[in-house]
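Bear in mind the structure is a predicted one, so any value in this text is a computation, not a measurement. So you know, we letter chains A, B, ... as the sequences are listed, proteins then strands, and number each from 1.
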Amino acid sequence: MSPPDPSFAGPSLSGVPSGTPVLLLHDSLSRRTGPFAPIDPDHVRVYYCGPTVYDLAHIGNLRAMVSADLLVRLLRRLYPRVTFVRNITDVDDKINARAAELGIPIEVLTARTTADFHADLTAVGILPPDVEPRATHHVAEMVALIGRLIDSGHAYAPDGAGAGHVLFSVRDFSGYGALSGRDPDALLAGARVEIAPYKRDPGDFVLWKPSEPGLPGWASPWGRGRPGWHIECSAMAHRYLGESFDIHGGGSDLLFPHHENERAQSLCGWPGSHFANVWLHNAMLLVDGEKMSKSLGNFLTVRDVLAEAPGEALRLLLLGTHYRSALNFTREALAEAKRTLDRFYRALARAGSPAASGVPPAVTACLCQDLNAPGAIAVMHALADAALAGDAGAGASLRAAGALLGLLGVEPDAWFRGGGEAEPDIEAAISERLAARKARDFARADAIRADLLARGIVLEDGAGGTTWRRA
RNA sequence: GGUCCGGUGGCAGAGUGGUGAUGCAGCGGACUGCAAAUCCGCGAAUGUGGGUUCGAUUCCCGCCCGGACCUCCA
């Protein structure tokens, strides 16, 4: 069976210039995969939920970020302008608790965690968003939105025991539950709903709550307080992307309640708007078959993994499973991803430094099929085969394909030899081994090779002499 | 219990109403002093029972199994 034909241009719609593939995306709201039609084809607008900055990012968090990065990279190739907004949640009870636990100011914790987050994302080739709003910088917008919701009867500020709170009334939004496929009545049966006596309905959720002295708080019409979790995304998405925008994404665990509530707030706050036209949700990442989460304590941080393998290998591993399928992380798969990159870089080295190439249509076509990155990687394998056989053009195509996927960004030499101990020592050992081989002292030659291997250096005897690389 | 998603070779993992990609592993061979890398070749899969169809891995229903969500979560 032959690999996908690299000349295949993919599906196209009439009226669209031939050769321009149509992007198909799976929308969580409609539960269908269909053509993506931007509100403004000249300016695509995307919002993704970013991290709550109280702890190091784990590789499950990273999966959502890589999924978003792939989407945005593809959109930038297909459309002239893309605005990608990804927030930082820097006001949250977990943050307050962690800062108190560590005995450090909240601002120190959030600043440090944000910096760590950025470093981790950079290490796996994730490009920064166009706007990265922080919740604490947008409290005014949240207060304004809450005011609109109260004025329109979608939210209420209870008296008595609930004084200082503002709650969203799920009963006053007929579309509640549509995104997550839930019947509002059925939700009431949920045992984990916090039953507060001041709620009109057990499903009502907090928009604003009073803040104790010593904890972050802002003045508001309802007294000093702090925002609930969901309101920030509604407020910030509106500020930077408008009432209606194209794509909203995040992990599938955010579908309910977070995204359901965001949607309710925004649709009620700006009647007639659509909020997000398409909802994208990536499936969970598992470790040893179990969902990894901060609450379960079984999580691997991005740093844990980067200590074992290059960031690019982790990225390839994450891209190797379609974003809507569960991904079970294993060390074996991480090692395999690293070896795959070895082969790709070997192919690039073999192909030399040819002129720049466009992204192979087959790669774009795969990605346009609801971000089928595994399919795109399969095409890259075929290109690597051709490049290894001496096809310089295939090498250029491989590099271009890698660029679209955020891979193969360094030179082969840096990939194989970057970092580590000084090279003169290695070269000297190779010279000594060469002399031994010429003298047919293979025991000595093999001892030198074994010694280098123990230090992480692999020797390869080729027609052009002996080369080395780091294992 | 409710809602949703999924079960593809030893493993990972795509696509598809008409004899099932790709990678890893395995086996045989070439090359090599031996390796490494590379190349050639080989074997290997659609959970289960029905239905629709000329034909189902694909569409529909039941069953079994797994996962996610059901107000901390990416």
Within the 6.0 Å centroid threshold, strictly below: A:H281 and A:H259
yes
Are A:F275 and A:H248 close enough that their ring centres sit under 6.0 Å apart?
yes
From the options B:U38, B:A74, B:G33, select the nucleotide whose nearest atom is closest to the side chain of A:N282.
B:A74
What contact category does A:D446 fall into here, base, sugar-phosphate, or nothing, at under 4.0 angstrom with non-hydrogen atoms?
base
Complementary nucleotide for B:U71 - Watson-Crick or wobble, under 3.5 Å
none
Without hydrogens or angle criteria, can the side chains of A:N87 and A:Y47 be said to hold a donor-acceptor pair below 3.5 Å?
yes
Basic-acidic side-chain contact under 4.0 Å: A:R437, A:D446
no
NA contact type, A:H322, heavy-atom cut-off 4.0 Å: base, sugar-phosphate, or nothing?
sugar-phosphate
Does a side-chain N or O from A:R343 land closer than 4.0 Å to OP1 or OP2 of B:C39, or not?
yes
Of the listed nucleotides (B:G23, B:G67, B:U71), which one gets closest to any side-chain atom of A:D385?
B:G23
Quick one: which of B:A74, B:C39, B:C70 gets closest to the side chain of A:D253?
B:A74
Rounded to the nearest 0.5 angstrom, the CD1-CD1 distance for A:I457 and A:I426 is 4.0 Å
Any base atoms under 4.0 Å from A:R449, or only sugar-phosphate, or nothing? Heavy atoms, all strands.
base
A:I377 near the nucleic acid: base, sugar-phosphate alone, or nothing, with a heavy-atom cut-off under 4.0 Å?
nothing
Selection from B:A36, B:C72, B:U71 that lies nearest to any side-chain heavy atom of A:F256
B:U71
Would you say B:A36 has OP1 or OP2 under 4.0 Å from some side-chain N or O of A:W468?
no
Quick one: label A:G250 by what it contacts on the DNA or RNA (base, sugar-phosphate, nothing), any heavy atom closer than 4.0 Å.
sugar-phosphate
Donor/acceptor link under 3.5 angstrom from A:D461 side chain onto base of B:C34
yes
Between A:N261 and A:N372, name the one whose nearest nucleotide on RNA chain B is closer to the 5' end.
A:N372
Counting any heavy atom closer than 4.0 Å, what does A:L459 reach on the DNA or RNA strands: base, sugar-phosphate only, or nothing?
base
Applying a 4.0 Å non-hydrogen cut-off, can you work out what A:R444 is touching in the nucleic acid: base, sugar-phosphate, or nothing?
nothing
